[in-house]
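The structure presented is a predicted model; accordingly, all values stated were derived computationally and were not measured. Quick note: residue numbers are just sequence positions, from 1. Order of listing sets the numbers, starting from 1, for every ligand and every atom in it.
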Amino acid sequence: MDTTIVLLNRDLRVHDHPALAAACARSRRVVPLFVVDPALTPYRRAGFLADALRDLRSSLRRRGGDLVVRRGDPVAETMRLAEAVGAQAVWVSADVTSYAQRRERLLADECARRRIDFRTFAGVTVVPPDALRPSGGDHYRVFTPYWRAWSVEPRRPAAAPPDVVRLPDGLEPGTLPVAAAPYGPLVGGETEGRRRMRLWLRHCLEGYAEAREDLAGETTSRLSPYLHLGCLSPLELASLGAASEEFVQQLCWRDFHHQVTRAFPAIGHRDYRARGDLWNDDENAVSAWREGRTGVPIVDAAMRQLAQEGWLHNRARLIVASYLTKCLHVDWRIGARHFAEQLLDADVAVNCGNWQWVAGTGNDTRPSRSFNPLRQAKRFDPDGEYVRRYVPELAHLPRTLIHEPWKTRTLRAYPAPLPLPETPPRVGASPRRDS
Ligand code: FAD
């Protein structure tokens with residue numbers, strides 16, 4: 001093969017990149033291409049993405065290549081470039097959202113018309129989303145059987161990073177997007193992702209199972225934004241983290257939601273299992289939730305952490321999502337949209353899969369499950385350290401009152417809890433409290 005374009009999307013790395021590795025091994029010239037699509041609003045993670053692209057360009061330049069950047073419709077720009085450089089192949093990492101599946105279909109059609117080889121490669125998940133099928137179904141609907149099948153599925157070997165990337169002569173690389181606004185304490189990119197991964201595996205993997213639910217402890221990896229943009233390979237991370245089954249199981253959850261989304265690409269806007277919910281349309285309650293002034297300290301701490309850092313602990317996400325959907329009876333789509341705007345790791349499959357799981361419209365086998373915020377707070381933030389960190393108005397309260405400030409009469413600077421609507425969200429079962 002003379003020239004291959006590798007269209008990069010959320011696989012922004014050189015380590016274990018099957019499409020890039022295959023292109024470099026089989027082609028004389030390789031064009032790593034990223035198309036900035038103005039139709040997509042990357043919200044807060046735009047800055048993280050800009051840093052990840054800058055880092056990838058440096059890595060490719062060190063190998064003699066470059067990251068070629070174009071702006072516009074990804075399919076049209078890829079085909080324009082293919083024509084300009086006389087490419088014989090366009091290769092991409094397969095992805096699962098409706099947007100990505102459509103892009104792959106259009107690319108396949110356009111390439112077929114021009115007799116260009118189009119291929120998709122693995123790389124976005126540990127196990128490819130179409131690799132496992134239950135008997136009689138096109139995807140797994142329940143996690144536990146998926147986990148059993150996933151755990152014994154043979155894995156592809158990790159692809160070595162290419163030593164050399166050779167671009168066609170005279171190709172204008174194009175300008176990178178710039179990070180317009182600060183986006184939180186994490187810095188985007190493969191170099192930083194790998195540094196964090198190594199540190200975390202060395203110091204925290206061993207204690208993960210015991211410490212992972214401690215809200216104040218900050219002991220989980222915080223690698224999710226790097227995994228989302230593919231700055232890290234999930235396959236490599238699963239292999240390096242294999243000593244902790246609990247940790248590997250989280251990566252399996254990520255794969256699980258990807259294979260659900262591949263089979264049900266409407267996950268972002270349509271109920272996976274519709275239950276006739278009647279959602280509560282209360283704009284004031286939604287604003288209070290978004291701004292962290294619901295009067296429930298654990299919810300407010302989490303929502304303020306989200307606003308400050310663009311990241312949240314899984315337990316905190318469960319608590320605020322359950323509070324919004326099962327206590328305030330607000331439509332999960334409103335919560336998922338806010339998360340998508342704020343999270344650095346915001347990912348259609350994982351975000352909406354989890355929101356639907358919590359709301360009871362998704363893959364939970366107990367859809368009426370609900371997390372009582374007070375009991376969750378006492379269990380996962382027993383000393384109130386997490387609340388004190390993000391809700392300074394409450395920092396002076398003792399541990400006996402920190403999660404129930406309404407029991408003190410002297411508090412003026414913090415709101416009373418929002419009144420909860422009495423109407424159940426749907427005719428039928430009432431939510432079962434706590435798990
Ligand atoms: P760790 O505990 O270190 O786990 C390692 C990795 O496993 C994570 O980086 C992540 O890729 C994956 N993982 C962990 N928990 C889950 C889970 N429950 N489901 C799927 N994958 C998981 N995660 C996202 O990456 N993007 C999202 O948009 C997102 N939205 C969520 C929305 C809600 C309502 C909930 C309840 C969870 C959501 N999660 C999302 C899953 C989870 O909360 C985060 O992945 C995790 O908190 C990231 O922190 P970490 O990297 O320290 O995780």
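Residue Ala346 approaches ligand 1 through these ligand atoms, each under 4.0 Å from one of its heavy atoms: 28 (O). For ligand 1, the atoms lying closer than 4.0 Å to a non-hydrogen atom of Leu251 are 6 (C), 7 (O). Atoms of ligand 1 lying under 4.0 Å from at least one heavy atom of Arg222, given by number and element, are 50 (P), 51 (O), 52 (O).
Residue Leu312 places a heavy atom less than 4.0 Å from ligand 1. Distances shorter than 4.0 angstrom do not occur between any heavy atom of Phe256 and any atom of ligand 1.
Of the charged side-chain nitrogens involved, none lies within less than 4.0 Å of a carboxylate oxygen, so that Arg70 and Asp37 do not count as a salt-bridged pair. Between Arg304 and Glu393, at least one side-chain nitrogen of the basic residue sits less than 4.0 Å from a carboxylate oxygen of the acidic one, meeting the salt-bridge criterion.
Counting only heavy atoms of the protein, atom 42 (C) of ligand 1 lies nearest to Asn314 OD1, 3.3 Å. Atom 40 (C) of ligand 1 has Arg317 NH1, 3.2 Å as its closest protein atom, hydrogens excluded (heavy atom only). Protein heavy atom in closest approach to atom 45 (O) of ligand 1: Ser224 CB, 4.0 Å. At the shortest separation from atom 32 (C) of ligand 1 among protein heavy atoms lies Asn351 OD1, 3.4 Å. The protein heavy-atom contact nearest to atom 3 (O) of ligand 1 is Ser221 OG, 2.6 Å. Looking at atom 20 (C) of ligand 1, its nearest protein heavy atom turns out to be Val350 CG1, 3.3 Å. In terms of protein heavy-atom proximity, atom 1 (P) of ligand 1 is closest to Tyr208 OH, 3.6 Å.
With hydrogens and angles left out, the side-chain atoms of Asp271 and Trp332 include a donor and acceptor closer than 3.5 Å. The closest side-chain donor-acceptor pair between Tyr208 and Glu245, if any, does not fall under 3.5 angstrom. A donor-acceptor contact closer than 3.5 angstrom is absent between the side chains of Glu236 and His15. No donor-acceptor contact under 3.5 angstrom links the side chains of Asn363 and Arg273, judged on distance only.
Nearest-residue assignment for atom 16 (C) of ligand 1 (options Gln250, Gln356, Glu246, His257; heavy-atom criterion): Gln250. Taking each of Trp253, Phe143, Trp355 in turn, the one with a heavy atom nearest to atom 34 (C) of ligand 1 proves to be Trp355. Atom 26 (N) of ligand 1 has its nearest heavy-atom neighbour, among Asn354, Asp345, Leu232, in Asp345.
Using a 30° and 60° split on the angle between ring planes, Phe264 and Tyr272 fall in the perpendicular class, above 60°.
Annotation: side chain of Arg262 is in contact with side chain of Gln101 (closest heavy-atom distance under 4.5 Å).
Inclusion of Phe247 in the set of residues having an N or O under 3.5 Å from an N or O of ligand 1 is not warranted. Inclusion of His313 in the set of residues having an N or O under 3.5 Å from an N or O of ligand 1 is not warranted.
Judged by the 6.0 Å distance and 45° axis criteria, Arg333 is not positioned over the aromatic ring of Trp355. By the 6.0 Å and 45° rule, Arg155 stacks over the aromatic ring of Trp150. Geometrically, Arg315 engages Phe380 in a cation-pi contact defined by less than 6.0 Å to the ring centre and at most 45° from the axis.
In Leu223, the part holding a heavy atom less than 4.0 Å from any atom of ligand 1 is the backbone.
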